[in-house]
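Here the structure is a predicted model, which is why all the values come from computation and not from measurement. Order of the sequence lines sets the chain letters (A, B, ...), proteins ahead of strands, with each chain counted from 1.
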Protein chains: 2
Amino acid sequence: MSLRHALLAMLTAEPMTGYELVKYFDGSVAYVWSAPHSQIYPELRRMERDGLVDVEIVPRGEHAKKRIYSINEAGLEEFQRWIRELTPYQPERDVYRLKAAHFEQSTYEAARRQMQEHLNHYTRALQIWKQVLDDVDNRRVSLLRERLAQRPQEEHEAIVAFRKLTFRGQIAKARMEIQWAKEGLALLDELESKGVPLRGEP
Amino acid sequence: MSLRHALLAMLTAEPMTGYELVKYFDGSVAYVWSAPHSQIYPELRRMERDGLVDVEIVPRGEHAKKRIYSINEAGLEEFQRWIRELTPYQPERDVYRLKAAHFEQSTYEAARRQMQEHLNHYTRALQIWKQVLDDVDNRRVSLLRERLAQRPQEEHEAIVAFRKLTFRGQIAKARMEIQWAKEGLALLDELESKGVPLRGEP
DNA sequence: GATACCATGTAAAGCGTTACATGATTGG
DNA sequence: CCAATCATGTAACGCTTTACATGGTATC
């Protein structure tokens with residue numbers, strides 16, 4: 001049950017609508033946690049039902065309304081309970097490594113395409129995360145500024161430091177995956193130039 | 001739909017029972033792909049129904065039987081189709097980074113415990129993967145030997161090289177996560193020694 | 001005969017993806 | 001008035017986890 005905790009985490013910064021949460025999960029946050037709006041709106045309703053968030057219904061224009069969710073005392077307690085609790089390490093599922101292990105069943109072209117996409121994906125991710133790290137460092141992130149504004153000065157250092165720790169982790173991951181993709185592409189070049197046959201080739 | 005392809009991948013090495021597949025997914029393979037038996041047995045039945053695997057029912061002792069699954073022509077085609085197809089990159093969900101980003105809501109003790117578990121988990125994973133890489137290099141893996149035995153000599157280099165590529169990726173990932181966990185533990189030590197308060201502290 | 005291992009299932013509940021669906025507001 | 005954006009939902013389907021469940025075989 002972590003979508004709930006990801007939503008509570010966002011709401012500890014400031015109250016917002018489901019739509020704003022959807023936007024965050026579509027943006028740079030998507031590389032840490034993401035969910036479609038079809039999952040977010042019902043979960044917010046359940047969190048409201050379970051008394052973890054309060055809702056303010058605010059008019060929007062003449063006829064429309066929007067629902068602004070804010071975390072309440074019970075929600076903050078639940079979030080803190082979750083964050084203090086040890087999250088166990090479960091078996092992973094890495095479809096890209098699974099695929100790479102069986103590239104002899106593919107073709108050089110298809111294998112290269114997959115590895116190139118891997119490289120592109122993590123190159124984009126790296127750029128985004130480096131930018132985010134810099135933005136956090138210079139307090140250019142509005143959500144972070146909101147968060148800092150409502151917490152005492154002496155907590156600021158920890159708040160910023162922990163966010164930076166996460167982003168440095170993502171940066172390290174992106175660099176590692178880029179390196180791995182390059183290694184894969186180099187291996188494919190080497191094997192093809194040696195004329196090593198693949199089973200998937202026509 | 002990747003459990004199906006993970007199972008097909010295993011069955012390209014040799015025919016086996018659901019129980020043997022369960023064992024593999026519980027062992028060192030678990031760090032690349034894993035599934036509980038409650039997912040594996042029904043999926044094998046569906047694959048049988050869909051004509052991707054053949055089944056041989058073999059007696060076991062006096063009264064018991066076992067079902068040995070082998071991949072057939074259609075199954076191999078489906079596996080090759082999947083491996084040639086580009087797997088898109090979807091938004092990730094990393095609960096450990098999400099948690100780390102909000103450690104100011106935790107306590108030093110709980111945050112340290114989580115990071116220590118992270119370190120332990122990936123240290124174990126690193127040991128396992130280094131061993132597997134070495135075993136593959138020296139053809140000490142029975143599944144790999146079965147696989148090589150049924151393929152022509154000229155494909156052997158690629159088969160071994162792609163498996164090693166995957167394991168090197170897992171090793172790089174484990175090292176990266178170990179490094180990150182150490183960074184996190186160091187940060188926690190530094191903040192605590194400076195007396196920076198956390199919101200979750202009693 | 002007890003224990004560990006072999007072997008295979010079902011079922012409920014939860015989580016995630018994809019598609020379908022609707023309507024208001026804002027700015028050009 | 002048209003397009004982009006704001007805003008919020010439902011539904012079907014598939015995958016994953018956890019729990020419940022059963023019985024044979026091999027070895028000491």
### Query
Which heavy-atom pair separates A:Ala111 from A:Ser106 by the least distance, and what is that distance?
N-OG, 3.7 Å
### Message
Taking A:Lys23 first and then A:Glu20, would you say they form a salt bridge - that is, a charged N and a carboxylate O separated by under 4.0 Å?
### Response
no
### Query
Any Lys/Arg nitrogen of B:Arg97 or B:Glu177 sitting under 4.0 Å from an Asp/Glu carboxylate oxygen of the other?
yes
Please state how far atom [atom1] in [X] lies from atom [atom2] in [N], giving the value in whole angstrom units.
X       : N      : atom1 : atom2 : value
B:Ile68 : C:dC6  : CD1   : P     : 15 Å
B:Arg45 : C:dT8  : CZ    : C1'   : 8 Å
A:Ile57 : D:dT8  : CD1   : P     : 10 Å
A:Arg46 : C:dG14 : CZ    : P     : 9 Å
B:Glu92 : C:dC15 : CD    : P     : 20 Å
B:Lys65 : C:dT8  : NZ    : C1'   : 12 Å
B:Glu43 : D:dT17 : CD    : P     : 14 Å
B:Met47 : D:dC15 : CE    : C1'   : 15 Å

#### Entry: side-chain N/O B:Tyr41 vs C:dG9 OP1/OP2, d < 4.0 Å
no
### Task
For B:Gln116, check side chain to side chain contact (heavy atoms under 4.5 Å, CB included) against everything at least two apart and list the hits.
B:Leu119, B:Asn120, B:Leu185
### Residue pairs passing the salt bridge (Lys or Arg N to Asp or Glu O under 4.0 Å) test where at least one lies in residues 70-80 of chain A, sequence neighbours excluded
A:Glu78-A:Arg81
### Residue pairs involving residues 56-65 of chain A (criterion salt bridge (Lys or Arg N to Asp or Glu O under 4.0 Å); sequence neighbours excluded)
none
### Task
Please examine the side chains of B:Tyr19 and B:Lys66, heavy atoms only from C-beta on, and report whether any two atoms are closer than 4.5 Å.
no
### Message
Is any side-chain heavy atom of A:Glu192 closer than 4.5 Å to one of A:Arg112?
### Response
yes
### Message
If you count heavy atoms of other groups shown closer than 6.0 angstrom to CD of B:Glu92, is the number above 12?
### Response
yes
### Message
Tell me whether the count of non-hydrogen atoms from other residues, nucleotides or ligands lying under 6.0 Å of CD in B:Glu109 goes above 12.
### Response
no
### Interface with DNA chain C, restricted to residues 15-32 of chain A and to heavy atoms under 4.0 Å
none
Quick test: give all pairs of protein nitrogen or oxygen and nucleotides 16-20 of chain C nitrogen or oxygen below 3.5 Å, distance rounded to 0.1 Å.
| unit_1 | atom_1 | unit_2 | atom_2 | d |
| --- | --- | --- | --- | --- |
| C:dG16 | OP2 | A:Gln39 | NE2 | 2.9 |
| C:dT17 | OP1 | B:Arg93 | NH2 | 3.3 |
| C:dT17 | OP2 | B:Arg93 | NH2 | 2.7 |
| C:dT18 | O4 | A:Ser38 | OG | 2.4 |

Distances for protein N/O vs nucleotides 26-28 of chain D N/O pairs under 3.5 angstrom?
none

### Task
Indicate the ring-plane relationship of A:His118 and A:Tyr122, choosing parallel, tilted or perpendicular according to the 30° and 60° boundaries.
tilted
#### Entry: Closest nucleotide among D:dT8, D:dG24, C:dT25 to the A:Lys66 side chain
D:dT8
#### Entry: Nearest-nucleotide pick for A:His63, side chain only, options being C:dT8, C:dG9, C:dT25
C:dT25
